Every structure is written in C-alpha cells, then in structure tokens.
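Sharing a structure here in structure tokens format.
Predicted model only: the values in this text are computed from it and were never measured. Start at 1 and go down the list; that is how both ligands and their atoms are numbered.
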Amino acid sequence: MKTTEETTKAGGGDVRLTGISKTYGDFTAVHPLDLTVPEGSFFALLGASGCGKTTTLRMIAGLEEPTAGTVHLGDQDVTALPPYKRPVNTVFQSYALFPHLDIYENVAFGLRRRGIKSVKKQVEEMLELVQLGEQARKKPHQLSGGQQQRVAVARALINHPKVLLLDEPLGALDLKLRRQMQLELKRIQTEVGITFVHVTHDQEEAMTMADCVAVMNAGRVEQLGTPADLYENPRTTFVANFLGTSNFIEAEVDSTSGDDIVLKAGGGKLVLHRARASVPAATGGKILAGVRPEKISLTHADDAGEIPEGRNRITGRITESSFIGVSTQFVVDSPVCSDFEVYVQNIDRDPRLAPGAEVVLHWNPAHTFGLDAAQDIDAGVETVEEEVA
Ligand SMILES: Nc1ncnc2c1ncn2[C@@H]1O[C@H](COP(=O)(O)OP(=O)(O)OP(=O)(O)O)[C@@H](O)[C@H]1O
Ligand SMILES: [Mg+2]
C-alpha cells in the first residue's frame, strides 16, 4: 500500500500535547496537560465518566478548540488546522455506518469522496484486514455489533491516517464481544503499525490493549505508564484503586535502616522498601502502606509458627469468603484495616479458612508500596463500583 509506506516514511505519527486545556465558562474540563503519545503505540486514555477523555481526544482531532496549548503531530503544529486537514481519523462508540450502503461501499466511502476511481484493491485489503471479506455485499443491519464495529475501523483506516482515535469504540457491545474485539483491535493495530489513541473507562480494557496508559482524574493525567507499571507502582490512591483493588494501612514511620523503612501500624511492625515509597519517609511521619490482594497469603492462626521469617504479617479474622473457581476471595477484619481483601489461588484449599477463623495475613515486604498519607484512601473506589452497578 503506497500511501502507508509514505506515511511511515514521513513519520509524524506521534502526538504531542503541550499545555493543552479546555474550559467551559468557569468549569475546567481539561487542566493544562503535557502528553506525548509515541508513534506506532497503542495508547489508552483511561478514567471515570466526565474526567475529560473525550474532550482531550476531540482536541487532538480538531473537533474541539483548546482554550490554551498546542497539538503537534510529528513536527507539524496542527492546532489551527480544521479536522479534515489533520492526518487523523476518529471511530466513535456509535459507529454511524451508512445504512443504505453495503459494507464494501461504506469502506470505499473515504476514497470515493476524495475522487479516487479505482478503489477495489484498497477496499479488499481493508476488508481482509478486519476479516470481513465475505460480508462485503451485506448492509450494516445484517451484521453483528462487533462486525459493524470492524467496518467502522476499516472505514477510518482506509484514509491512511497517521493516528487513529477511538472513543469508547466497544461501548455498545456486550462483555464477551467486547473481549473478542479488544484482541481484534490490538491485532489490527499491530498489523497496520499506526498510532492508536483509545479512550475507555474500563481498566481491564485499557490494560489488555494498550502499551501505555494515561490514567485521568478530574481533568488531569494522574499517572502515565505501562499497564504493569501502573498496577505494581501506583503513585496515588486513585490509581491504586481505579486499577484493580488495593489494601491500605495507615502507618507511622518507626525507623529507617539501609534500604528498609520500618513502619508501625496497629501495634505491629511492617517493612517497606525505600525504593517503593513514592514520598520521602521521615521518622514519626505518616505513610499509607499499600498491598495488592493477590500478594497476600493467609495462614490459620494455629499454624502461625510455620510462617517464614522476614515477611510482613498482620493478624485478623475472616469475615467473608467467596469461592470464584481459580481463587477464593476473602475479606479479613484486622486492627489495621477493617476490610482487608485477600485473593488466594485454589491449589490446596485449607477448609479451616472460613468466616470466623483467626488468621495471619503475610506477604513479602517487597510487595508493599508506600503512598502519601495526605490523600483520600478511597479515591477512585466509588467510580469503579458505579460501573459495576
Ligand atoms: N460543550 C460542553 N459544555 C460544557 N461542559 C462540557 C461540554 N463538553 C463536556 N463538558 C464537561 O466536561 C467534562 C469532561 O467531559 P468529557 O466528555 O471529556 O468526559 P469523558 O471523560 O469523555 O466522560 P465519559 O466517560 O462519560 O464519556 C464533563 O464534566 C462534561 O460535563
Ligand atoms: Mg467520553
């Protein structure tokens, strides 16, 4: 495909936002934001409803005029360019296919509009890419939601944008189809190699698809990183709670020794590695010690003597247990946290681990992360629950 080669040679697929912001009256939808999306990456903007994802995306597309700041695509400042002059295409949640045109003509549309006569080869290639070659002569209403979605992607890609913007493109699909389409979109992105900027409020979706995720909260990017980095090293409670589940212990710095910070919490001691503390630790200062539920082991109190030395440990009592096949999810009441979540893989199940049982929770100190204590422990929690409800 000649145009694709030209695009690749010309570069320009990286998106650079500099000090970009958007206000509506006295409401700030996007606070001044600096963000670079590397060329050829699958980038996700993740955040709860109303945090400014669509506004950010629309500013990249040129559909929304920024209040301040600039948008660069490669070396080109496109801030003043209208949408149709930007090498960018957008796929929306409502893919808005032309109902009276068949799939082939829907995909061919962008080429025909530009006056290109021989569209056959390119349309066939695109249909092949999204695996709809067989469906070319059907009308949109004769396709499933996921197939229609792929037509929308093909229709956008045939214009050879340097950047494809996707705004909750899978939002209308049921969960199973969503999961399939996530893998499908990822495959398409790898195959065409252009930059994808994908907006979603679904953390699992962002984590499965993206090379890099920007977590947005109230008009700001709270943290940027690879999915694994964000999950393992959250720097705020919002990120720690929005991506998966975290347990937090309000602790006081007891002492520091070498690379270890010794914390006091509920009469016991916990160790936090200095490299995992995102705030400086001074003796007597407060810190939030976080640990993910799957890093914790549960041992019945009668067997506490068998727990190896050197692990962080906390005593508690099981209040809830739910068997979900691969694992059992426990809620444990302890002096340092009333609803500690612990996920135990179902290898050899201990039948004594049931509600009411006295237990010891223990984990490798390396799995503790330390956050600034001056923030809301539950930031990002409610929004996730709302999505589930
Ligand atoms: N034209 C507008 N006038 C006034 N306020 C607006 C306008 N467009 C968006 N907003 C506000 O800006 C904020 C960000 O909106 P945006 O559409 O970017 O959110 P979002 O993160 O895409 O949310 P969702 O996940 O619900 O799509 C919201 O509070 C919204 O109400
Ligand atoms: Mg939106």
Inset, instruction - Examine distances only and state if a side-chain atom of Glu168 and a backbone atom of His201 form a donor-acceptor pair shorter than 3.5 Å. - result: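 Yes; at least one donor-acceptor contact below 3.5 Å.
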Inset, instruction - List the steps, then state whether side-chain hydrogen bond (donor to acceptor under 3.5 Å, both in side chains) holds for Arg292 with Thr245. - result: CA-CA 6 Å; Arg292 295 287 192 183; Thr245 299; over 6 Å; no
Legend entry - Within-cutoff protein neighbour (heavy atom, under 4.0 Å) for atom 11 (C) of ligand 1: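 Given the 4.0 Å cut-off, atom 11 (C) of ligand 1 counts as touching protein heavy atoms.
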Inset, instruction - Decide whether an N or O pair under 3.5 Å exists between Thr56 and ligand 1. - result: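 No, since none of the N or O atoms of Thr56 sits under 3.5 Å from an N or O of ligand 1.
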Inset, instruction - Please could you name the atoms of ligand 1 that Phe27 approaches to less than 4.0 Å, counting only its heavy atoms? - result: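 This gives 11 (C), 12 (O), 13 (C), 29 (O) as the contact atoms.
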Inset, instruction - Just need the protein heavy atom nearest to atom 1 (N) of ligand 1, so name the residue and atom and give the distance. - result: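 For this ligand atom, the closest protein heavy atom is Tyr24 CE2, 3.4 Å.
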Inset, instruction - Give a yes or no on whether a salt bridge exists between Arg352 and Asp350, defined as a side-chain N under 4.0 angstrom from a carboxylate O. - result: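 Salt bridge: yes.
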Inset, instruction - Return the residue, atom name and 0.1 Å-rounded distance of the protein heavy atom closest to atom 15 (O) of ligand 1. - result: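 Scanning the protein heavy atoms, the shortest distance from atom 15 (O) of ligand 1 goes to Thr55 OG1, 3.6 Å.
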Legend entry - Neighbouring protein N, O or S atoms of the Mg ion (ligand 2) [cut-off: under 2.8 Å, no waters]: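 Short answer, with waters excluded from the count: Thr54 OG1.
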Legend entry - NZ/NE/NH1/NH2 to OD/OE distance under 4.0 Å, Glu204 and Arg178: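 Salt bridge: no.
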Legend entry - Any donor-acceptor pair under 3.5 Å from Arg311 side chain to Leu361 backbone: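 Looks like no, no N/O pair under 3.5 Å.
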Inset, instruction - Check the side chains of Gln142 and Lys139 for a donor-acceptor pair under 3.5 angstrom, ignoring hydrogens and angles. - result: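 Their side chains do not contain a donor-acceptor pair, so the 3.5 Å distance test is not met.
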Inset, instruction - State, without any angle test, whether Thr328 and Asn346 hold a side-chain donor-acceptor pair at a distance under 3.5 Å. - result: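 Checked: Thr328/Asn346 side chains pair up, N/O donor to acceptor below 3.5 Å.
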Legend entry - For atom 26 (O) of ligand 1, closest protein heavy-atom neighbour: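 It is Ser49 OG, 2.5 Å.
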Legend entry - Contact check: Cys51 vs ligand 1, nitrogen or oxygen atoms, below 3.5 angstrom: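 By distance alone, the answer is yes.
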Legend entry - Close N or O approach (Gly50, ligand 1; < 3.5 Å):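 Yes; at least one N/O pair falls below 3.5 Å.
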Legend entry - Sidechain N-carboxylate O distance under 4.0 Å for Arg16, Asp77: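 So Arg16 does not pair with Asp77 through a salt bridge.
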Legend entry - Arg187 side chain to Leu129 backbone, donor-acceptor under 3.5 Å: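 The answer is yes, because a donor-acceptor pair under 3.5 Å joins these two groups.
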Legend entry - Protein residue, atom and distance nearest to atom 25 (O) of ligand 1, heavy-atom basis: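 Result for atom 25 (O) of ligand 1: Lys53 NZ, 2.8 Å.
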Inset, instruction - Examine His201 against ligand 1 and note whether any of their N/O atoms are separated by less than 3.5 Å. - result: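 Checking ligand 1 against His201, no N or O pair falls under 3.5 Å apart.
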Legend entry - Pair His362-Thr299, side-chain donor/acceptor within less than 3.5 Å: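 Thr299 and His362 do have a side-chain donor-acceptor pair below 3.5 Å.
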Legend entry - atom 31 (O) of ligand 1 touched by protein (heavy atom, under 4.0 Å):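 So atom 31 (O) of ligand 1 lacks protein heavy-atom neighbours under 4.0 Å.
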Inset, instruction - Would you check the N or O atoms of Gly47, main chain and side chain alike, for any that come under 3.5 Å of an N or O of ligand 1? - result: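 In this structure, Gly47 places no N or O atom under 3.5 Å from an N or O of ligand 1.
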Legend entry - For Ala29, atoms of ligand 1 separated by under 4.0 Å from a heavy atom: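 With Ala29 as reference, the close atoms of ligand 1 come out as 12 (O), 13 (C).
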Inset, instruction - Report the nearest protein non-hydrogen atom to atom 27 (O) of ligand 1: residue, atom name, distance rounded to 0.1 Å. - result: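 Ranked first by proximity to atom 27 (O) of ligand 1 is Thr54 OG1, 3.8 Å.
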Inset, instruction - Verify the distance criterion only: is there a donor paired with an acceptor across the side chains of Arg114 and Asn159 at less than 3.5 Å? - result: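 Arg114 vs Asn159: donor-acceptor pair found between side chains.
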Inset, instruction - Output yes when a side-chain donor or acceptor of His273 lies under 3.5 Å from a complementary backbone atom of Ala275, and no otherwise. - result: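 No, His273 side chain to Ala275 backbone: no donor-acceptor pair under 3.5 Å.
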Inset, instruction - Ignoring hydrogens and angles, tell me if any N or O in the side chain of Gln147 forms a donor-acceptor pair with the backbone of Ser144 under 3.5 Å. - result: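 Side chain of Gln147 to backbone of Ser144, a donor-acceptor pair under 3.5 Å: yes, one is there.
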